[in-house]
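Below you will find the structure I want to go over with you.
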Amino acid sequence: MARRFVLPARTPEASAASGALRADLQIDYAAELNPQQLAAATASGGPTLIVAGAGTGKTRTLVYRVAYLVETGVEPDRIALLTFTRRAAREMLVRASGLLDGRCERVRGGTFHAFCVEVLRQHGEAIGLPRRFTILDQADAADVIDLVRTEKGLDSRERRFPKKRSLQRILSSAANRGMSVQEVIEEEHPHYARHADAIAELGDAFQATKRRYGLADYDDLLGLTAQLLATQEAIRKQVSGRLTHVLVDEYQDVNHVQADLVRLLASEHGNVTVVGDDAQSIYRFRGADVGHILAFPERFPGARVLKLEENYRSTQPILTLANHVLEGAREKYEKRLFTRKEGGETPGLVPCPDEEWQSRFVCELVLGTREAGVPLARQAVLFRASWCSYALEAELTRRQIPFVKVGGLKLAEAAHVKDMVAHLRVAENAADAVAWNRALLLLEGVGPRTVRKVLDWIGAQEASGADAYGLAFGADARYADSVRALAALLADLRDGRPLADQVDRLLAYYRPHFERIYDDWGRREPDLDGLADLAARYETRADLLESFALDPVDLSQEDVEGAYRDEPPLVLSTIHSAKGLEFDTVVLIDALDGVLPNEYAVKTQAELDEERRLLYVALTRAERELYVSYPASRWRRGSGGFLTRVSRFLEDTPEALLERVALVEETSGSALPPADARGAIGAGGGKGGETPKRLGP
DNA sequence: CGTCAAACCCGTGCG
DNA sequence: GGGTTTGACG
């Protein structure tokens, strides 16, 4: 290749590492890794930051690092590998085991949240958290906030007081960023400024309520662990001292609390390796701060900074486009991605007259690519928001093209599943007021007022050490029977029968309520079976509940997979959920200004930069073929307008980097707008250019 | 107090 | 299209 690549100077560690590798190692690291990867995988102790561009073998390097540590004598269970998804952790440990041996399975790998739960179950009592605390998801947390708000009488007094969902966001944001509620409101929700003090007060009451009922939301899992380690010297020494190495994946997405946790966990040994790519930081909305990866060298003095720059995933045209998109954003760690892959098609930009055309285009492209030998599962359709794919899903279903959607509604978030789970939670933790609330409201004749009475009664029972499950309070004749039935159910759930039987018993109890409450219960029914199937995989109720909170299953997955077991399905995914994945062929749909960037994320430069990085992440998922499509107009819900412009991040892209592709309909043969479009796409194999793309009616 | 239906309001991403 | 709030009624 004529292109000139500038490789960074070799760091002392790199040459030292390659020169000093022990001869007795099973794995030939130098042969299997490039020099940059080798330096990263075999770096000695101390703080290390690996800046790894998209597709540069970041996971591979981390896997080899795990294997290297184990092979050079580090006890596997004294290595913590922290990730953001369970999938990532599992995948790495399985691969490391394949590389070396089963010892790698004993590495403590998991999400930050899962790791924290473990610590809290063991040591949480030191800060007043009961061993059997219940984990709240976002909606649960919002319910608790609502409960507190009602108690404080903040709802009726003021008209424009934020609703529970907004309150939950604000309080969560404050917790994750290590800011005060007032600061968060000032920065992100200035229109609530007058309520700032009331909201802060509500936040304190929220914390108190969670502690009183033995509840912990996602933020608490991290926050309480950090608090525990920061305030209980002996426990910090014990937890950190148990470890000799801490490895963190996707470090660009850590929030304030997680960065703190990493520091605390490494405090006793200082061996902390973090891997990340500041260009792929896309979780600002949940408190992630790219500043942590940028400030790593200052936060951990003496830190090594290593870079991975050779991309093994994509062809050069795809990388060129991705790099072009990124140029508009600030990027602190200079790195230039390059590939040795030769050739490759220029990515295509596909304007479609409307959404329906877009769906047809995607279906045809996918089928054509499959004809050319690329399995459906190696192809992906990506989008900014979950709702973007609704029309496409309908078309795929109509044509019986199997697909899975990643990153949509979770099974655990569906109202009817929450109903079921509430009963299990009550059985597990008598103090779980949110679950009681949900279970009791199902009963006919019971409303918020009655729930309040029952909760008070339960509180009194608990305080006096009496049985809280008997529900022997002065039950009104209107609902006495149903309360008795509930008490009977709870007694059965608690009598120690196998989990699967508990769920059967619960289903029998719930069914009449289910059919009464939801007029569309037929459509919801498969989810209950899904829950029963899931339950069959766990030993205990506690395991099921914990997994439910920490590893939410996608709602649609079960039935779709079952229906098309013969062929692994096409992947539909939000860009967020696609991070870390790669596909032969990628189509990004709905690349409209207003969708990407989202119209509500254009106010500040920081928001806009993140949207740009999101596009970058989407583009760099593709190995060989890449298309970006958008409908010429898309109805915008709510304020009644149309989105018509292509994403601002793409609009001035030179044709050489992103080639216009015209859709041509077979019957008429006439090109659709824009009239000046030059190319036409070829179906499979990406050889296209000559043959107009044919779309069946 | 509770229920039901109609009006209302949405910011999307996730453990 | 779904969850939440409101207002009329039992």
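Proteins come first, then strands; the chains are lettered A, B, ... in the order of their sequence lines, and each starts at number 1.
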Checklist entry - What is the distance from CG of A/Leu382 to P of B/dT12, rounded to the nearest Å? => result 19 Å

Item to check | SB check A/Asp419 A/Arg438 (cutoff 4.0 Å) | outcome: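 Salt bridge: yes.
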
Checklist outcome for this item: Scanning both residues in full, the closest heavy-atom pair of A/Arg211 with A/Leu129 reads NE-CD1, 4.2 Å

Next on the checklist: Under 4.0 Å, counting only non-hydrogen atoms across every strand here, what does A/Val446 touch: a base, just sugar-phosphate, or nothing?
Outcome noted: sugar-phosphate

Item to check | Residue that, paired with A/Lys405, satisfies side-chain hydrogen bond (donor to acceptor under 3.5 Å, both in side chains) out of A/Ser577, A/Ser386, A/Ser573 | outcome: A/Ser386

Next on the checklist: Checking side-chain polar atoms at under 3.5 Å, does A/Tyr538 have a donor or acceptor matched by the opposite partner on A/Ser547?
Outcome noted: yes

Item to check | Integer-rounded Å distance: B/dG15 P and A/Leu120 CG | outcome: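 Those two atoms, CG and P, are 19 Å apart.
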
Checklist entry - Is A/Tyr283 stacked on the base of B/dG13, with ring centres under 5.5 Å apart and planes under 30° apart? => result no

Checklist entry - How close or far is atom C1' of B/dA5 from atom CD1 of A/Ile517, stated in whole angstroms? => result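 My rounded result for the distance is 16 Å.
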
Checklist entry - How is A/Phe84 classified with respect to the nucleic acid when contacts are heavy atoms under 4.0 Å: base, sugar-phosphate, or nothing? => result sugar-phosphate

Next on the checklist: Please classify the nucleic acid contact of A/Gln138 as base, sugar-phosphate, or nothing, using heavy-atom distances under 4.0 Å.
Outcome noted: base

Checklist entry - Considering heavy-atom distances to DNA chain B, does A/His189 or A/His113 have its closest nucleotide positioned more toward the 5' end? => result A/His189

Next on the checklist: Without decimals, in angstroms, what is the distance between A/Ile135 CD1 and B/dG15 P?
Outcome noted: 14 Å

Item to check | Nearest-angstrom distance from the residue atom CZ of A/Arg87 to C1' of B/dG15 | outcome: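 Whole-Å distance recorded here is 13 Å.
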
Next on the checklist: Using a heavy-atom cut-off of 4.0 Å across all strands, would you classify A/Tyr390 as base, sugar-phosphate, or nothing?
Outcome noted: nothing

Checklist outcome for this item: Whole-Å distance, A/Arg612 CZ to B/dG13 C1', equals 19 Å

Checklist entry - Contact class for A/Arg169 vs. all strands (heavy atom < 4.0 Å): base, sugar-phosphate, or nothing? => result base

Checklist entry - Side chains of A/Gln605 and A/Asp609: donor-acceptor distance under 3.5 Å anywhere? => result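 Yes, a side-chain donor-acceptor pair sits under 3.5 Å.
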
Item to check | Length of the line joining A/Leu136:CG and B/dG15:P, which is rounded to integer Å | outcome: 17 Å

Checklist entry - Out of C/dT4, B/dG15, B/dG13, which nucleotide sits closest to the side chain of A/Ser386? => result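 Given the options C/dT4, B/dG15, B/dG13, the side chain of A/Ser386 is closest to B/dG13.
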
Checklist entry - Does the base of C/dG2 carry an N or O that pairs as donor and acceptor with the side chain of A/Arg165 under 3.5 Å? => result no

Item to check | A/Lys418 NZ - C/dG3 P separation (whole Å) | outcome: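 So the NZ-P distance, A/Lys418 to C/dG3, works out to 11 Å.
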
Checklist entry - For B/dC14, does either OP1 or OP2 sit under 4.0 Å from a side-chain N or O belonging to A/Thr574? => result yes

Checklist entry - Is the distance from OP1 or OP2 of B/dC9 to the nearest side-chain N or O of A/Lys163 less than 4.0 Å? => result no

